[in-house]
Amino acid sequence: MYPSRFRYEAPSTVAEAVAMLAAADGEAKILAGGQSLIPMMKLRFAAPAMIVDINGIGGLDYHRSDPDGTYRIGALCRHADLEKSAALADAQPTIAAAAPVVADPLVRTRGTLVGSVCHADPQGDWASVMVSLEGAIVAQGPNGRRSIQVADLIDGPFQTVLAPDEIAVEAVIPAARGARAGGYLKLERRVGDFATVGVAVSVEMSGGSVARAGIGLTGVGPATINASDAAAALVGTALDANAVAAAAQLAAEAAQPRSDHRGSADYKRHVVATFVRRIGAQIQRSEQEAA
């Protein structure tokens, strides 16, 4: 099936793109990687009157650490850029763990982290990673820029709180309060498939205990789930087996899966708990090896 007719614009600056969105009165869509938008248009699940292609805007393809430890990922940074980064594992281990398992190699060469988060697919990988890291999206509109926590950005399946005339220009992860550790595990039927279950865990270790923790869940609810109670169970602990087991149980309880052809709801909750325990064990091993 072919998409409906649409007007195509290719601005050279973010300000131009914002002006085009404002003029379109809610009938425009941003094209960055296009790995979610184009299939939806071909199936006519989306039929925007205008496409605003931001690929010609320079300076949005970065991922870097600021001097204070804040990590920034531009709107045109591809999944493959993160996957191939040699420095990412030390700076952002949860992102480094997720990058190689996002979709498939073809999608990773064009898709973007920021675009994936703003697509708000309940089975998308990056939103749960960003939730676990207390990350935010910076949006630019006619009245300037604002920062939106990813936990607050997603308003439902495929819905965000972004205004029709706003562009998400970067993702921001706050500086760690200690040594950052974490991981991402995903159950999929085959390579490139949507996640049956995905779990992102991020912790910051200081003085032998967890100073901050975050757990995000993918594919087990109508939107990305912030398992905040599960994460809180890790804070102040040495990430011992009992603490990890308690967090795993709370994460499973926070999940809201439905039984379908991929598995029963009970099975998916079991996978959530198993993944939390596995990531906890991985972090423990890494801490012991580094000691």
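We number each residue from 1, following the sequence as shown.
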Peer 1: Taking V203 as the starting point, is it possible to reach F275 by hopping between hydrophobic residues whose side chains are less than 4.5 Å apart?
Peer 2: yes

Peer 1: Counting distance only, does the side-chain N/O of D66 pair as donor-acceptor with the main-chain N or O of D68 below 3.5 Å?
Peer 2: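 It does not hold such a pair.
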
Peer 1: For H79, does its backbone N or O pair with a side-chain atom of E83 as donor and acceptor, under 3.5 Å?
Peer 2: no

Peer 1: Sorted by first residue and then second, give each ring pair (Phe, Tyr, Trp, His ring centres under 6.0 Å) pair with at least one member in residues 134-181; sequence neighbours left out.
Peer 2: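 Passing the test, one end in residues 134-181: H119-F158.
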
Peer 1: Please answer whether the main-chain N or O of M50 pairs with a side-chain N or O of E27 as donor and acceptor at a distance below 3.5 Å.
Peer 2: no

Peer 1: Transitively linked via ILVMFWY side-chain contacts under 4.5 Å: V18 with V138?
Peer 2: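 V18 and V138: one cluster.
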
Peer 1: Distance alone, cut at 3.5 Å: any donor-acceptor contact between the side chains of S228 and N226?
Peer 2: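 The criterion, which ignores hydrogens and geometry beyond distance, is not satisfied for N226 and S228.
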
Peer 1: Taking C-beta and beyond as the side chain, do P222 and Q256 meet within less than 4.5 Å on heavy atoms?
Peer 2: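 In short, these two side chains touch, coming nearer than 4.5 Å.
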
Peer 1: Please find the pair of heavy atoms, one from L113 and one from A171, that lie closest to each other, and give the distance.
Peer 2: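 Residues L113 and A171, closest heavy atoms: CD2-CB, 3.8 Å.
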
Peer 1: Exactly one of L82, D81, L88 should register a side chain to side chain contact (heavy atoms under 4.5 Å, CB included) with S85. Which one does?
Peer 2: L88

Peer 1: For P100, does its backbone N or O pair with a side-chain atom of R108 as donor and acceptor, under 3.5 Å?
Peer 2: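 Yes: the side chain of R108 pairs with the backbone of P100.
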
Peer 1: Please report the shortest heavy-atom distance between V235 and A211, naming the atom on each side.
Peer 2: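 Closest approach of V235 to A211: CG1-O, 4.0 Å.
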
Peer 1: Rounded to the nearest 0.5 Å, how far does CH2 of W126 lie from OG1 of T224?
Peer 2: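 Going from OG1 on T224 over to CH2 on W126, the span is 13.0 Å.
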
Peer 1: If you measure only the distance, is there a donor-acceptor pair under 3.5 Å linking the side chains of S202 and S132?
Peer 2: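 S202 vs S132: no donor-acceptor pair found between side chains.
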
Peer 1: Kindly indicate, with the supporting measurements, whether the criterion side chain to side chain contact (heavy atoms under 4.5 Å, CB included) is fulfilled by E166 and R146.
Peer 2: CA-CA 10 Å; E166 285 185 312; R146 63 172 176 146; 2.8 Å; yes

Peer 1: Has Q35 got a side-chain atom pairing as donor or acceptor with V107's backbone, closer than 3.5 angstrom?
Peer 2: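 Checked: no pair found.
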
Peer 1: Side chain to side chain contact (heavy atoms under 4.5 Å, CB included) for T218 and V197? Distances and angles first, verdict last.
Peer 2: CA-CA 6 Å; T218 288; V197 177; over 6 Å; no

Peer 1: Taking the side chain as C-beta and beyond, is there a heavy-atom pair between V210 and M205 under 4.5 Å?
Peer 2: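 Yes, close enough: below the 4.5 Å cut-off.
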
Peer 1: Mind running side chain to side chain contact (heavy atoms under 4.5 Å, CB included) on S116 and V102 for me, showing each step along the way?
Peer 2: CA-CA 10 Å; S116 175; V102 172; 5.9 Å; no

Peer 1: With rounding to the nearest 0.5 Å, note down the distance linking CD in E9 to CD1 in I51.
Peer 2: 11.0 Å

Peer 1: Do R78 side-chain atoms and R110 backbone N/O form a donor-acceptor pair below 3.5 Å?
Peer 2: yes

Peer 1: Checking the side chain of T94 only, and the main-chain atoms of V201 only, is there a donor and an acceptor separated by less than 3.5 Å?
Peer 2: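 Flag set: sc T94 to bb V201 pair under 3.5 Å.
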
Peer 1: Less than 4.5 Å apart, any side-chain heavy atom of I173 and any of T70?
Peer 2: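 With C-beta onward as the side chain, the pair stays apart.
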
Peer 1: Would you say L76 ends up clustered with I30 if hydrophobic residues are merged whenever their side chains have heavy atoms under 4.5 Å apart, either directly or through other cluster members?
Peer 2: yes

Peer 1: Using atom types as modelled and distance alone, determine if a side-chain donor or acceptor of R212 lies under 3.5 Å from a backbone N or O of A176.
Peer 2: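 Not at all, since once roles are kept as given, no pair shorter than 3.5 Å links the two residues.
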
Peer 1: Roughly how far, to the nearest 0.5 Å, is CG of D121 from OG of S36?
Peer 2: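 So the OG of S36 and the CG of D121 are separated by 7.0 Å.
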
Peer 1: Mind listing the closest non-hydrogen atom pair of I137 and A168 along with its distance?
Peer 2: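 Minimum heavy-atom contact is CG2-CB, 3.6 Å.
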
Peer 1: Under a 4.5 Å cut-off applied to non-hydrogen side-chain atoms, are L153 and V161 in contact?
Peer 2: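 Yes; the side chains approach each other to less than 4.5 Å.
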
Peer 1: Nearest 0.5 Å please: distance from the OG atom of S128 over to the CD1 atom of I215.
Peer 2: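 The distance works out to 11.5 Å.
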
Peer 1: Considering residues, nucleotides and ligands other than R7, do more than 12 of their heavy atoms fall under 6.0 Å from its CZ?
Peer 2: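 Counting neighbours around CZ of R7, 12 or fewer heavy atoms of other residues, nucleotides or ligands fall under 6.0 Å, so no.
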
Peer 1: Test F6 against K29 for side chain to side chain contact (heavy atoms under 4.5 Å, CB included), laying out the working first.
Peer 2: CA-CA 10 Å; F6 59 88; K29 289 288 187 182; over 6 Å; no

Peer 1: Only one of R262, K186, Q123 forms a side-chain hydrogen bond (donor to acceptor under 3.5 Å, both in side chains) with D193, so which one is it?
Peer 2: R262

Peer 1: Any link between V101 and V131 through a network of hydrophobic side chains (Ile, Leu, Val, Met, Phe, Trp, Tyr) touching at under 4.5 Å?
Peer 2: yes

Peer 1: According to a hydrophobic-cluster definition based on side-chain heavy atoms being under 4.5 Å apart (Ile, Leu, Val, Met, Phe, Trp, Tyr only), do V114 and V172 belong together?
Peer 2: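 As far as the 4.5 Å side-chain criterion goes, V172 and V114 are not connected within one cluster.
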
Peer 1: Do you know the tightest heavy-atom contact between S264 and S259?
Peer 2: CA-OG, 3.4 Å

Peer 1: So P122 and P157, do their side chains get closer than 4.5 Å, heavy atoms only?
Peer 2: yes

Peer 1: Measure the spacing between CZ of R180 and CD1 of I95 and express it to the nearest 0.5 Å.
Peer 2: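 One finds 8.0 Å between CZ of R180 and CD1 of I95.
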
Peer 1: Over all heavy atoms of both residues, which pair between P257 and A265 is shortest? Give the atoms and the distance, please.
Peer 2: CG-O, 3.5 Å

Peer 1: Roughly how far, to the nearest 0.5 Å, is the NZ atom of K268 from the CZ atom of R258?
Peer 2: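 Reported value, rounded in 0.5 Å steps: 10.0 Å.
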
Peer 1: Report yes or no: does Q149 contribute a side-chain atom to a donor-acceptor pair with the main-chain N or O of E134 at less than 3.5 Å?
Peer 2: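 Yes: the side chain of Q149 pairs with the backbone of E134.
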
Peer 1: Inspect the surroundings of CG in D25 and state if more than 12 heavy atoms from other residues, nucleotides or ligands are less than 6.0 Å away.
Peer 2: no

Peer 1: Any idea which heavy atoms bring D53 and Y8 closest together, and the distance?
Peer 2: OD2-OH, 2.6 Å

Peer 1: When you compare the side chain of L162 with that of I148, does any pair of heavy atoms fall below 4.5 Å?
Peer 2: yes

